[in-house]
2 protein chains.
Amino acid sequence: MRQIEILDSSLRDGAQAEGIFYSLEDKLRIAYALDRIGIGYIEAGNPASNPKDMELFRRVSDNPFQNAKLVAFGATRRPDISAEKDPGCAALAAAGTDYVSIFGKSWDLHVSQVLNTSLPENLQMIRDTVSYFTRMGRTVFFDAEHFFDGYRNNPAYAVQTIQAAEEAGAARIILCDTNGGSFPEEIAAVIKAVRGICTAPLGIHCHNDMGCAVAASLMAAEAGCQQIQGTFLGYGERCGNANLSAIIPTLQLKKKYRCIPGALLPELTHTARYIAEIANYIIPASLPYVGKSAFSHKGGMHVDGVQKLRKSFEHIDPEAVGNRRNLLVSEMAGRTAILNRIMRVDPSVTKFSPITEQIIAKIKELEYHGYQFETALASVDVLIYKELGRMKEYFTLRHFKIIGEQSTEEGGQLASALIKIQVGDQEEITAAEGAGPVHALDRAMRKALEVFYPSLAKVRLIDYKVRVMTPEAATAAAVRVLIESTDGENVWTTVGASPDIIEASWKALVDSIEYKLLKDDQKG
Amino acid sequence: MRQIEILDSSLRDGAQAEGIFYSLEDKLRIAYALDRIGIGYIEAGNPASNPKDMELFRRVSDNPFQNAKLVAFGATRRPDISAEKDPGCAALAAAGTDYVSIFGKSWDLHVSQVLNTSLPENLQMIRDTVSYFTRMGRTVFFDAEHFFDGYRNNPAYAVQTIQAAEEAGAARIILCDTNGGSFPEEIAAVIKAVRGICTAPLGIHCHNDMGCAVAASLMAAEAGCQQIQGTFLGYGERCGNANLSAIIPTLQLKKKYRCIPGALLPELTHTARYIAEIANYIIPASLPYVGKSAFSHKGGMHVDGVQKLRKSFEHIDPEAVGNRRNLLVSEMAGRTAILNRIMRVDPSVTKFSPITEQIIAKIKELEYHGYQFETALASVDVLIYKELGRMKEYFTLRHFKIIGEQSTEEGGQLASALIKIQVGDQEEITAAEGAGPVHALDRAMRKALEVFYPSLAKVRLIDYKVRVMTPEAATAAAVRVLIESTDGENVWTTVGASPDIIEASWKALVDSIEYKLLKDDQKG
C-alpha cells in the first residue's frame, strides 16, 4: 500500500474563490475538521498578505492538531532585496510553522514580463529564499508556479528553477498547473521526464479550468508524485482546485493507495458537508462521492438494476464514503437512520410499525418545505417525541408582534418584540428590544420563559445560519434557519424553514428550547 | 483539422438528473438552442419509456433542425420476443427518426444477474435489434452499456457484443462507462485495443462519478474515438455526464479539432446560460469556460499579473467562449481594480488623487462592517458616483415601519410594510404585504417609487442571498445581504450589511434601484 501525502489548501487557495470569505473562527473550525479526518498537511494561510492569518497560526500552536502538519504559504523574496530583509519572508518566518510552502516562478515569460527581472536573478531568488528557511530549520515545499506552461515554453529553464530549489534544500518539489490549462497526459509525461532529474519527492497542484484537475492529479500520482495538493471541496480561484473529496476515495478504494486512515473514509461525506456549511458554500448535488445526488437513481431500469445487484449502477458502495443511496422512484432513503433514532426513544418500535411510516412521512413533508435534518438532529428528536406522544407541552405561544422602525436612512433601525406565552394556566407577557427582529424575538421569548424554567438562563445560541433556497423567487424565497445552542455542557442544532425568516427562526428557537427542557426532564 | 462528432444527451440522459423536470416546450427550446450552436446529434428522448417524447419527435419533424440530426434512444429487444413484436422497438421505430441509439449489455454480469438471460441470447438480441433498424433504413448508433466494466471482467465477451452490433450494420459503436468508475488512462487503453477489432467508427459516453468524465472523453478522442457523447452542462444521473461545454472548447481551441463551427464558439457561454435557464438548473460558478467565476481573479498578485499579461493567469481568452474576465474587488485585490472602476467614471483620476484614497478608505470601512464588494460591483459603482459627487438624489426615505404578527403557532405570519419617500418636493406614502418583512418592504418601496420612475416596473430580483457573519454572537450577528437584479437586459449585484437583516436588505435594495436609475440616465 503506497502512501500519498495530501495537502489541503481550502484555507489558502480556497479563500481565492469568488464568494468564499472566512472569519478567523471559520478557518479554525475547518482546520480542525481536516485534522480529524486525517489530512496530512493543512496550508492555512499567507501571513504576508493577510495579517488575520498570523492570529490563526498562533491559535493552532496553542492547540495543536492531532495528525496534521500546519503549513504557512509565501513567495520567494523580491528581486531587489535579500531574503533576510524581505518583509514577506519575515512574515512567513514569524508565523512559526515547521512547514512552509514557498512559491517561485518556473515560466520564463512570467519572470521577464510579470516579475520584471532576469532569468538568473529569479533562480537566485529561489535559492536564497529556500535556503533562508531551511537554515532556520523549517521544512520547505517548493511550489513551482506555472511549471507546465514553463516546461512547454522553455523546458531547460523550468528544470533549472526546481533544481535551484532542490539544491537549496527543498523537501518537496510541487509542480503546479497554475492556469489549469495542461492536459492530464501531458502532466503525466512531464512528471515522468522530471522525476529522474529530481531527488526530492514530487508533488502536484492542479487547477480545474478544463475540468480535468481530478484526473490530472490521479495520473500524477501514478506517474510518481508523492504529494497531491487540492481543496477539500474543489473550490478555489476561477474554476477551482483539484477536488480532494474525489481524489482521496478514488485512490484509496480503487488504487489501494493510503491518503487518510482507512477507518476515517466513512467520515468523508460528513466532513464535506460540515466544511461547506461553515464556508457557506453550496455543494453541487452531483459532486462525486459526497454530493446529495452522487448515488441517486431515477430511471426505472437503474432503480431496478441497483436493487438486484448493487454494483450494476454504482461504482462503489456509498457507505464506504458515508453517503447514501437515494432511489428517487420508490423512496426508501433515510429510513434506517430515522428508525435508529426512534428506537432510542422507544425500543419496541420496528420498521413495520405504523408510527415509523408516520414519522418518515412527516419528515419528508418538512423536507419538501425546505427543512433539512442532516445536521439538525435535535429537531429530529423533538419531532420523534411529539409524534410518539411523549412530549410534554412546556409552553404555548399566545401571540407575538414584531415592530421594526426606521425614521431616516442614517437614523438606524430599532426592532422590538412583544410576546405572550402560556405555561399551564399562567400567562406571561413581556417585551424586548434587539438588533433586528429575530434578536428581539429571541430575547423576549427567553425573558418570558425564564420565569417558569430558570435553567434556560444557561442556554445561549452559539451559531445562527440562514440559507435562502429557490433563489429564483428572490425576496419571497424560502428561508432555512439553523441554530446551534449550548447550555455549557451540551451542544445541539435545530432547524426551521418558512418563506418568512422570522417564522423560520421562531421554529428553530422553539425546537431548541423544547429540546433543552426535554433533556433536563430526562436527567431527573 | 480533425472532425469530432458531438452527441448531446441533455434531453435524454440529462433528464435522469435529480431535480431536472422538462416540459415538452422546455425540451423543444433546448433542442433548437443546441441546433443553433452547431451540435451534430441531439438525442432527444426515449419514446418507449416516455410517451411525451413521441410528440417531441413529431414537432421536430414539422420544423426540422438547421444542422443537427435528431436521434431517438431505446433498448435492445426483450429476451422473450422478436424485434418485430417488441413494444419498445415498435415505439422507437414509430418515432420516425433517421438516427437511433440502441443500447445493449456488454457486461456479462449484467446479462446474467440483471437481464436474467444467457450470454448467447444477449448477443442475439443485439444482432436482431440492430439489423431490424438498419433494414428499415435507419442509421444505428450502438451504445455498448457498461463496456469498460465488461471488458475488465470478460474482455472476450465484451468484444463479441460490439462485433454483433457491427455485423448487424451499426454505423457507430459507442463505448459507455455507464457507472463512471473507469480511469481515463484505462479507457484510452481499451479504446486502442478495440479500435483494431472494429471497422465502424467508435464513440465514447462517460459519466462523472470519479470527476474524470471530461478528461476521459478528451483522452478517448485522442485514442481514436470519432464521436463524443455528453450533456451540454454536464448534468445527468448521479454525478452527471461528460460536460460538453468543457470538452468542445478544449478540443477546438487547444487540439485544433472541429466539434462545432468555429464561428459559433463565442456563443458557448450564452447557450449554456440559456439552457440552464430553461432547465431551471443553476450553473456552478466555477464551471469551466462558462461559469460566472471561470475567469474571476481575486488574489492581488493574480489581478496584477493578468493586467500585465493576459495569459499569466488565463489559459484561454475568455472572449473566445463568450465569457468575460472579472477582477474582483476585495481586501486582497487592493487598489488597482478599484482605480480601474473609478477611471471608467472619471478618466482624470489617478492613483495619486486624494479621491482615490478617500474611496478606498470608504470601501475598507464598509468591509470592516461586513460589506463584501467582490461580487457586488453595482454597489461599488454607486459608491464611486456618490463619492465623486456625480450621483443625483433620486429619492429620500422619510420613514418606514415593518409589522410582523403571529397569533398562534399554526396561525401563520403576516408581514406588512408602510413606507414614505420623497422625490423632489413630492411625498408618497404607501404600504404592501409580503411573505416576510423584507419581501413586504421591497414591494412597498417599488410601489412608492414607480409613481416617479416607471422604468422600475421592469426591474425584478433574481437572487437574494443572506450570509450571517461572526455567528458566535448568534441572533445578534451581523448579516450581509446580496441582491441580484435584472431589468431583462442587464444583471447587477448589490450588497448591504447590518446587524439587522431588514436594514441590510434595505441598503442592498436602495443600491439596486439607484444603480438602475443611474444607468437609465446615462442612456439618455
Side-chain angles (χ1 to χ4, degrees), chain A residues 16 18 21 110 113-114 179-181 184 209-212 214-215 237-240 243 246 250 280 284-286 288 293-294 296 298-299 305 308-309 312 315 397 399-402 404-407 409 413 435-436 438-439 442 461 463-466 468 471 474-477 499-503, chain B residues 16 18 110 113-114 179-181 184 209-212 214-215 237-240 243 246 250 284-286 288 293-294 296 298-299 305 308-309 312 315 372 397 399-402 404-407 409 413 435-436 438-439 442 461 463-468 471 474-477 499-503:
Chain A
Q16 302 293 316
E18 189 166 4
F21 193 82
H110 248 262
Q113 295 197 33
V114 178
N179 289 5
D209 298 73
M210 299 198 305
C212 293
V214 168
E237 191 161 43
R238 304 187 313 273
C239 303
N243 173 11
T250 296
N280 201 18
S286 62
S293 303
S296 291
K298 185 169 173 182
K308 283 180 178 156
L309 179 68
S312 67
H315 71 125
L397 173 70
H399 178 90
F400 74 65
K401 189 166 193 161
I402 305 288
E405 282 187 274
Q406 179 140 1
S407 291
E409 228 181 304
Q413 166 83 9
V438 176
H439 189 223
D442 172 36
L461 306 193
D463 201 356
Y464 174 70
K465 281 208 177 66
V466 178
V468 181
T475 47
D500 179 355
I501 190 172
I502 294 175
E503 190 170 27
Chain B
Q16 302 293 316
E18 189 166 5
H110 247 264
Q113 294 196 34
V114 177
N179 289 5
D209 298 73
M210 300 198 304
C212 293
V214 168
E237 192 161 40
R238 305 186 314 271
C239 304
N243 173 12
T250 295
S286 63
S293 304
S296 291
K298 185 169 172 185
K308 285 180 177 155
L309 178 69
S312 66
H315 71 125
Q372 194 204 17
L397 174 71
H399 178 89
F400 75 66
K401 189 166 193 162
I402 306 287
E405 282 187 272
Q406 179 141 1
S407 291
E409 229 182 304
Q413 165 83 9
V438 175
H439 190 223
D442 173 35
L461 306 193
D463 201 357
Y464 174 71
K465 281 206 181 71
V466 179
R467 169 84 157 108
V468 180
T475 48
D500 179 355
I501 191 172
I502 293 174
E503 190 171 27

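Just so it is clear, the structure is predicted and the values come from calculations on it, not from any experiment. Naming: A, B, ... by sequence-line order, numbering from 1 per chain.
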### Task
For each of A/A285, A/A294, A/A215, A/C212, tally heavy-atom pairs with chain B at distances under 4.5 Å, and name the one with the top tally.
A/A294
### Query
How long is the gap from OG on B/S296 to CZ on A/R238, to the nearest 0.5 Å?
10.0 Å
### Task
Could you pull out the closest heavy-atom pair between B/V114 and A/K308, with the gap in Å?
O-NZ, 3.0 Å
### Query
What do the steps show when you test A/E18 against B/K298 for side chain to side chain contact (heavy atoms under 4.5 Å, CB included), and what is the final call?
CA-CA 7 Å; A/E18 189 166 4; B/K298 185 169 172 185; 5.9 Å; no
#### Entry: 4.5 Å side-chain heavy-atom contact, B/I501 and A/I501
yes
### Task
Mind ranking B/C239, B/S286, B/A246, B/P184 by heavy-atom pairs under 4.5 Å with chain A and telling me who comes out on top?
B/C239
### Summary
What one should report as the nearest heavy-atom pair of B/M210 and A/T250 is SD-CG2, 3.6 Å
### Message
Below 4.5 Å, heavy-atom pairs only: which of A/G180, A/P284, A/G181, A/S312 has the largest tally toward chain B?
### Response
A/S312
### Message
Counting only non-hydrogen atoms closer than 4.5 Å, does B/D209 touch chain A with its backbone (N, CA, C, O), its side chain (CB onward), both, or neither?
### Response
both
### Query
Can you name the nearest heavy-atom pair linking A/P288 to B/G211, along with the distance?
CG-N, 3.5 Å
### Message
Quick check: closest heavy atoms across A/L309 and B/Q113, and the distance to 0.1 Å?
### Response
CD1-OE1, 3.3 Å
### Query
What residue, out of B/N243, B/V466, B/V214, B/N179, has the most heavy-atom pairs lying under 4.5 Å from chain A?
B/N179
